[in-house]
Amino acid sequence: MTAFTTNQLEEALTSKLMVNFGKTAEEASDAEMLRACALVLRDAMALRGVETRKETKRGEKRMVHYLSLEFLMGRSLQKNAYNLGILPQLKEALGHLGFQAGDLFELEPDAGLGNGGLGRLAACYLDSMSTLEIPAAGYSICYDLGIFKQKIVEGQQVELPDNWKGIGSAWLLPKPEEAQQVHFGGTLREFWDNGHLHIVQEGATTVLAVPCDMEIAGYDTRHTNVLRLWDAKSLKPVDMSLYSKGEYFKATEDEAMAEVIAKVLYPDDNHVEGKSLRLKQQYFFVSATIQSIAEKHLAAYGTLTNFHEKNVIQINDTHPALVIPELMRILIDDAGMSWDQAWDITTHSVAYTNHTVLAEALEKWPQDLFQRILPRIWQITAEIARRWQEKCENFFHDPEKVRDTAVVWDGVVRMANLCIAGGMSVNGVSALHSRILKTDVFKNASEMEPEKFTNVTNGIDHRRWLAEINPRLDGLICDLTGGAYLMQPQALRKLDAFAGDRDVLLRLARIKQENKKDFAAYVKKQQGAVLDPESIFDVQVKRLHEYKRQLLNVLHIIALYQRLQDDPNAIVRPHTFLFGAKAAPGYAVAKRIIHLINSLADQIDHDPVCKGKLKVVFLENYRVSLAEHLMPASEVSQQISTAGKEASGTGNMKFMMNGALTVGTLDGANVEMHDVLGDENMFLFGLHTDEVAALRREGYVPQRLYNRDPVIHRVLDALKTGFRDGVSYDDLYGRLLFGDRCPADEYLLLADFAAYCDAEKRMAAAYEDPVKWNEMSLHNIARSGVFAADRAVAEYAERIWHVPYRRS
Ligand code: 26W
């Protein structure tokens with residue numbers, strides 16, 4: 001069933017090079033060959049995509065539409081070759097043609113159309129939906145610029161534009177004939193005709209949405225779905241009358257206005273800005289998407305009355321929440337349905353996933369902005385809000401609860417409440433997170449509509465995050481248990497049986513060692529830093545946010561450093577702390593923490609006492625492709641958020657699957673990791689959610705800890721003094737002890753500090769017993785199957801989407 005033999009691939013690549021670049025393989029550059037590879041694979045996938053859609057139509061199957069403002073796809077060549085089952089053939093063909101496959105793969109830019117967890121989750125789910133043969137499509141914006149490239153200059157983050165489309169666009173197939181029009185602004189005119197009230201939006205600005213499709217091939221199947229990325233174009237041609245008058249800029253003004261919508265991904269993670277361009281982006285992609293779905297549905301069934309039977313729309317957080325009023329608009333204004341019928345269809349089509357409980361991340365739009373940009377959508381939203389509020393009033397008879405659950409209140413539109421009102425399902429992304437939604441964040445709404453609330457714990461694409469990136473470990477697993485785990489991740493459990501097998505543990509240790517060497521070579525090449533593969537690789541990689549507590553990790557390293565000052569023999573095992581994190585460009589505190597990590601790294605590098613004992617490295621520009629090099633080489637995974645704040649985490653799962661041991665709090669999916677691993681296979685520490693709440697109620701005073709605990713005292717003082725670069729971190733010191741327009745030590749770093757140091761100590765001690773360590777590592781891999789995206793997507797399919805899927 002393979003798509004290509006080596007020979008066929010060689011031929012296809014050679015002719016692609018000739019047709020596209022007028023070159024032979026000998027003449028072609030790496031970049032040209034990379035493009036040729038992408039085009040050859042894209043052709044093969046496009047063919048399968050056509051077959052898949054035909055089959056979906058023929059079988060009148062229900063289709064899943066996954067809407068997300070972010071898809072953090074990373075690279076595609078190796079992944080697609082892997083899923084098509086032609087990775088070895090591709091490598092061989094490239095070799096014959098005089099190219100090094102590894103170099104070519106490394107040349108591909110990441111498609112970084114996302115910030116962090118939410119975007120990467122969407123990418124992993126696309127893979128599983130195709131692999132499980134679910135008719136599905138993803139929808140987003142075809143940003144010109146993805147997440148910024150991070151450079152570290154003199155210890156500080158500098159953002160550079162991420163122009164990924166040069167080579168990256170080879171995967172995209174533009175479909176201009178399927179373009180949609182999206183209208184902004186203008187005024188509404190109402191008139192009666194034929195006993196019907198009609199509403200038209202006059203004087204609106206129209207933007208053309210042009211789809212660019214990226215094929216998503218499943219593993220071990222011909223099933224191929226599509227990720228539809230909307231590009232924004234101006235409808236109006238350049239105004240030549242202005243142009244001929246010499247007003248060149250004015251002539252292209254409309255064009256520039258339209259195209260700015262798809263210009264750049266907002267680099268904010270867990271923090272809303274409330275910018276009008278962001279609202280325009282949301283409506284742009286939502287409207288284009290729903291129009292395109294409705295158009296195809298009408299073409300297939302001739303009516304929208306059965307829309308909900310044939311379509312389900314999953315919205316990735318509230319960012320696409322406008323699907324609810326937009327679908328209502330299409331059903332009422334375009335299809336002429338009554339409000340009640342339209343509402344019935346909408347509330348049986350849309351499902352909402354919440355990904356964060358942070359108050360500053362919950363989307364709220366000022367009513368006047370909303371109304372100005374989306375006048376008709378505002379009308380519909382206001383009517384949804386009015387009816388929902390009436391229902392809440394009749395249910396609660398409590399003004400406080402009515403206020404809390406309202407969709408529009410005090411001139412503000414609350415998107416999460418809109419999703420609860422208009423959705424058929426609301427889910428959190430880990431057991432703990434879903435419980436917090438029910439008992440805290442959405443307590444009142446869940447009392448009214450308990451049946452809507454559910455949990456689907458996140459999962460990751462284990463074929464990418466294990467098999468593809470860690471071929472040595474994949475080899476060991478296949479030797480011991482066969483390749484069944486690729487389609488049945490729970491089969492990894494069989495590895496548990498080898499925990500007592502010294503040979504297996506030794507092989508596992510060697511694999512990690514080899515991976516560490518590879519990673520050290522990679523880092524040397526990328527940024528010149530020298531890692532000692534004999535040291536512990538202790539890693540914290542994720543977006544930089546105070547709740548994720550990178551600063552707690554830093555405080556512990558400072559304490560270690562100070563111990564080393566007192567006693568140069570305090571550390572026996574060399575320890576390398578690796579950080580990788582992008583800070584939102586406007587998040588000043590996060591940027592200060594990055595600077596601090598680099599100041600500390602520099603101090604340690606220049607202190608002879610630390611030589612061969614302690615090292616800190618900040619990995620520049622953390623992204624999917626860097627994570628792919630890093631995960632197989634990691635030994636310790638830092639998952640240390642304040643309990644109750646991390647919705648799930650998915651990095652934690654990637655580390656576990658690659659055999660790293662977790663130092664973590666009982667937060668997000670760490671709780672479920674602990675359920676399968678027990679205390680003995682991870683290093684838990686810190687306050688639990690209820691203890692966090694209790695401490696806050698009592699009144700948390702971090703200064704007391706500072707005054708009482710000499711270690712904390714000395715560590716914090718070092719922040720104030722700073723390091724050899726002369727930069728003082730007294731702002732961070734002040735934030736921890738006194739707060740700064742926020743509570744002192746809002747995320748309870750000092751409260752958890754002692755417990756954290758102890759956990760690191762237990763971890764370091766465990767490392768000294770390699771047999772024990774590797775046993776634990778093996779258990780982590782063995783029990784990670786439950787965190788496969790295939791399991792998560794199967795749960796969505798069964799409990800929320802009600803669509804069949806391939807079982808193996
Ligand atoms: C509007 C600004 C904004 C942008 C992104 C607000 C909120 C977000 C996301 C919801 C933040 C995010 O990525 N959340 C993460 O989602 C992951 C996938 O479910 C979880 O594993 C992480 O715990 C959660 O932080």
Side-chain angles (χ1 to χ4, degrees), residues 66-72 112-125 140-141 147 265-279 281-282 314-322 352-365 414-416 419 426-434 436-437 441 455-461 465 541-549 581-587 590 624 639-656 664-665 667-673 747 787 789 792-793 795-796:
Y66 197 94
L67 270 64
S68 177
L69 263 192
E70 305 187 13
F71 283 87
L72 203 44
L113 310 182
N115 275 286
L118 163 127
R120 184 54 231 175
L121 188 79
C124 285
Y125 284 4
S140 192
I141 293 175
I147 187 69
L265 166 83
Y266 271 91
D268 297 303
D269 186 82
N270 269 306
H271 183 85
V272 296
E273 275 279 14
K275 291 278 195 312
S276 67
L277 180 58
R278 169 86 176 180
L279 185 62
Q281 285 189 334
Q282 295 186 348
Q314 186 70 43
I315 60 178
N316 207 17
D317 215 275
T318 57
H319 318 153
L322 293 169
Y352 156 55
T353 306
N354 172 285
H355 295 268
T356 178
V357 301
L358 297 194
E360 64 270 29
L362 294 183
E363 289 194 294
K364 297 184 168 82
W365 293 104
R414 301 157 170 184
M415 303 310 263
C419 291
V426 179
N427 78 282
V429 289
S430 71
L432 174 66
H433 169 59
S434 295
I436 292 172
L437 291 184
V441 186
N455 171 250
V456 182
T457 298
N458 282 169
I460 58 170
D461 171 5
W465 292 107
V541 285
K542 50 183 77 253
R543 283 299 288 257
L544 211 137
H545 202 291
E546 285 166 283
Y547 85 81
K548 295 177 188 282
R549 301 202 293 191
K582 287 178 180 172
Y587 190 175
V624 174
Q639 308 299 337
I640 59 178
S641 52
T642 316
K645 295 294 180 190
E646 190 69 89
S648 161
T650 43
N652 47 1
M653 301 168 185
K654 291 162 199 163
F655 282 106
M656 178 188 187
T665 47
D667 198 17
N670 296 354
V671 175
E672 286 146 275
M673 286 169 52
Y747 295 102
F787 299 112
V793 165
E795 281 188 35
Y796 278 98

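Worth knowing before you read on, the calculation uses all heavy atoms, side chains too, and leaves out hydrogens, waters and symmetry mates. Indexing begins at 1, ligand by ligand and atom by atom, following the structure's order. Here, residue 1 is the first one in the sequence, and each next residue gets the next number.
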According to side chain to side chain contact (heavy atoms under 4.5 Å, CB included), who are the partners of D268, at least two apart in sequence or on a separate chain? Y266, E273, A584
Residues Y587 and D269: side-chain donor-acceptor under 3.5 angstrom: no
Could you go through ligand 1 and note, for every N or O atom, any protein N or O atom closer than 3.5 angstrom, writing the atom names and distance to 0.1 Å, or 'none'?
| unit_1 | atom_1 | unit_2 | atom_2 | d |
| --- | --- | --- | --- | --- |
| ligand 1 | 13 (O) | L118 | N | 3.0 |
| ligand 1 | 14 (N) | H355 | O | 3.4 |
| ligand 1 | 19 (O) | H355 | ND1 | 2.6 |
| ligand 1 | 19 (O) | N458 | OD1 | 2.8 |
| ligand 1 | 21 (O) | N458 | OD1 | 3.4 |
| ligand 1 | 21 (O) | G649 | N | 2.8 |
| ligand 1 | 23 (O) | E646 | OE2 | 2.6 |
| ligand 1 | 23 (O) | A647 | N | 3.3 |
| ligand 1 | 23 (O) | S648 | N | 3.0 |
| ligand 1 | 23 (O) | G649 | N | 3.0 |
| ligand 1 | 25 (O) | Y547 | OH | 3.2 |
| ligand 1 | 25 (O) | E646 | OE2 | 2.9 |

With distance as the sole criterion, is a donor-acceptor pair present between the side chains of E70 and N316 under 3.5 Å? no
If we ignore hydrogens and angles and just use 3.5 Å, is the side chain of S648 paired with the main-chain N or O of S430 as donor and acceptor? no
Between Q282 and E363, do the side chains contain an N or O donor and an N or O acceptor separated by less than 3.5 Å? yes
Test item: side-chain donor near acceptor, T650 and N458, under 3.5 Å: no
